[in-house]
Amino acid sequence: MNVLDVNGLTVRAADGRALVSEVSFSVAAGGRLGLIGESGSGKSLTALAVMGLLPPGMTAAGSVVLEAPGLPRTEVIGAAERRLVELRGRAAAVIFQEPLTALDPLMRVGRQIAEPLRRRQGLRGAALRGAVGEALDQVRLPERAARAYPHEISGGQRQRVAVAMALACEPALLIADEPTTALDVTVQSEVLALLDTLVAERGMALLFVSHDLAVVAGTTDRIVVLKDGEAVESGSVEGIVNSPRHPYTRNLVTSARHLEDALERTIR
Ligand SMILES: Nc1ncnc2c1ncn2[C@@H]1O[C@H](COP(=O)(O)OP(=O)(O)OP(=O)(O)O)[C@@H](O)[C@H]1O
Ligand SMILES: [Mg+2]
């Protein structure tokens, strides 16, 4: 079963310009797909289109089908907002580059994590408090973090909170859009390792968006390469890294700084 099937996805700006053109890929249940490309290549718009969260004025054409256990198979493009609300968080959840975009600055961390649990799982009172504690524990944050406001914790901790919120409803597919780009290098690898473990433990599928081939190669099994809104190449991580066909991909491979590390992790 595929949790996500994207077929001929085209995203247009309000003026009709195609920002993403005829992109197709799928993610199998428990599979891990990397979406890679330079800045402006359409990675985030593709991720947003999957969630039905394109900015106002933009339109999507083609097909985006989400399917998750216990939920009806749904065509996202053209779906009513109330259907999408049901899917978000459960069929697919997203983690953004800048954790602050996902967090409410005026609300304590614990309440923010509690919100999806309350709404989607109907938890209340002690059960809800217990679930929040567990959610924090999963992302290796102490229980007292629940009482902090987002500005009182570090960037790495904020991203852990965003991960906890995304995982709260056990989505079949986790979409991570440059989840560690805003963090410094050591924190980056900690958050990546955490994501990797949590996704593996839950048998979740992962759509991982990054401009960094080394990071993608170490995190996913298959890669789609976007350039100017088009998928120019796709295949297994080994295939892409060892024998890239498109000149753009070849360029990416040669310039990937930490490629040696990534290859080691891939071959592991
Ligand atoms: N709200 C918007 N209105 C108009 N154009 C937009 C908007 N958001 C993105 N674009 C354009 O769409 C194209 C793709 O943007 P997108 O954000 O998907 O790129 P990206 O691959 O995620 O880049 P980055 O690596 O910088 O995050 C870019 O040319 C961008 O300028
Ligand atoms: Mg982006």
Side-chain angles (χ1 to χ4, degrees), residues 4 6-25 27 32-64 66 76-77 81 84 88 92-103 155 158-159 162-163 166 173-185 188 191-192 195 206-220 222-234 240 244 246-253 255-259 262:
L4 173 64
V6 175
N7 261 299
L9 172 68
T10 296
V11 176
R12 290 184 190 282
D15 63 8
R17 234 169 356 118
L19 302 171
V20 173
S21 304
E22 294 285 333
V23 167
S24 301
F25 59 86
V27 184
R32 292 169 168 225
L33 180 74
L35 205 53
I36 190 164
E38 65 199 346
S39 184
S41 56
K43 305 182 296 296
S44 293
L45 290 182
T46 302
L48 290 171
V50 168
M51 299 295 295
L53 287 172
L54 285 173
M58 281 194 199
T59 52
S63 167
V64 170
L66 281 172
V76 172
I77 295 179
E81 183 60 21
L84 294 175
R88 287 187 203 124
V94 63
I95 302 170
F96 295 101
Q97 169 169 350
E98 174 43 68
L100 280 179
T101 56
L103 300 180
R158 284 197 285 263
Q159 197 57 299
V163 170
L173 171 69
L174 181 68
I175 301 178
D177 185 354
E178 308 254 13
T180 60
T181 313
L183 307 175
D184 70 47
V185 179
Q188 230 177 59
V191 173
L192 273 179
L195 258 182
L206 179 68
L207 176 61
F208 190 90
V209 175
S210 175
H211 62 276
D212 188 333
L213 182 59
V215 168
V216 170
T219 313
T220 64
R222 288 174 48 241
I223 294 184
V224 174
V225 183
L226 286 186
K227 183 177 186 333
D228 300 330
E230 289 180 27
V232 294
E233 186 159 0
S234 62
I240 297 271
H246 194 279
Y248 174 70
T249 317
R250 264 183 246 141
N251 206 4
L252 268 181
V253 171
S255 59
R257 285 160 299 165
H258 313 297
L259 192 58

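Order of listing sets the numbers, starting from 1, for every ligand and every atom in it.
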Flag the pair [X] / [Y] as yes when at least one side-chain heavy-atom distance between them is below 4.5 Å, and no otherwise.
X	Y	value
Ile95	Leu195	yes
Leu192	Phe208	yes
Val76	Val50	no
Leu48	Met58	no

Item to check | In the protein, N/O/S atoms that are found under 2.8 Å from the Mg ion (ligand 2), waters not counted | outcome: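 Near the Mg ion (ligand 2), the protein supplies Ser44 OG.
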Numbered atoms and elements of ligand 1 in range of [X], under 4.0 angstrom, heavy atoms:
X	value
Gly40	13 (C), 14 (C), 19 (O), 20 (P), 21 (O), 23 (O), 24 (P), 26 (O), 28 (C), 29 (O)
Met58	1 (N), 2 (C), 3 (N), 4 (C), 5 (N), 6 (C), 7 (C), 8 (N)
Glu38	21 (O)
Ser44	17 (O), 18 (O), 20 (P), 22 (O), 27 (O)
Glu178	25 (O)

Next on the checklist: Which heavy atom of Pro179 sits nearest to which heavy atom of Val209, and what is that distance?
Outcome noted: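 Taking Pro179 first and Val209 second, the nearest heavy atoms are CD-O, 4.2 Å.
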Measure the spacing between [atom1] of [X] and [atom2] of [Y] and express it to the nearest 0.5 Å.
X	Y	atom1	atom2	value
Leu207	Lys43	CG	NZ	12.0 Å
Ile240	Leu213	CD1	CG	8.5 Å
Phe25	Ile223	CZ	CD1	13.5 Å
Glu38	Leu252	CD	CG	8.0 Å
Thr180	Gln159	OG1	CD	8.0 Å
Thr249	Ile36	OG1	CD1	9.0 Å

Checklist entry - Any protein heavy atom lying closer than 4.0 Å to atom 31 (O) of ligand 1? => result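 No; the ligand atom in question lacks any protein heavy-atom contact below 4.0 Å.
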Checklist entry - How does Leu45 reach ligand 1, by side chain, by backbone, by both or by neither, if only non-hydrogen atoms under 4.0 Å count? => result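 It is both backbone and side chain that touch ligand 1.
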Next on the checklist: Residue-level breakdown please: for Pro55 versus ligand 1, do any non-hydrogen atoms fall below 4.0 Å on the side chain, on the backbone, on both, or on neither?
Outcome noted: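 Near ligand 1, Pro55 shows its side chain, while the N, CA, C and O stay back.
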Item to check | Heavy atom of the protein closest to atom 25 (O) of ligand 1 (residue, atom name, distance) | outcome: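 Closest protein heavy atom to atom 25 (O) of ligand 1: Lys43 NZ, 2.8 Å.
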Next on the checklist: Among all the protein's non-hydrogen atoms, which is closest to atom 26 (O) of ligand 1, and how far away is it?
Outcome noted: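 Checking every protein heavy atom, the shortest distance to atom 26 (O) of ligand 1 gives Ser39 OG, 2.6 Å.
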Item to check | Those residues that, when tested against Ser44, pass side chain to side chain donor-acceptor pair (under 3.5 Å) (two or more places apart) | outcome: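 Once residues adjacent in sequence are excluded, the partners of Ser44 under the side chain to side chain donor-acceptor pair (under 3.5 Å) criterion are Asp177.
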Checklist entry - Mind checking whether Ser41 has an N or O less than 3.5 Å away from an N or O of ligand 1? => result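 Yes, there is a polar N/O contact under 3.5 Å.
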Next on the checklist: Check for me whether Ala13 has a heavy atom closer than 4.0 Å to any atom of ligand 1.
Outcome noted: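 No heavy atom of Ala13 comes that close to ligand 1.
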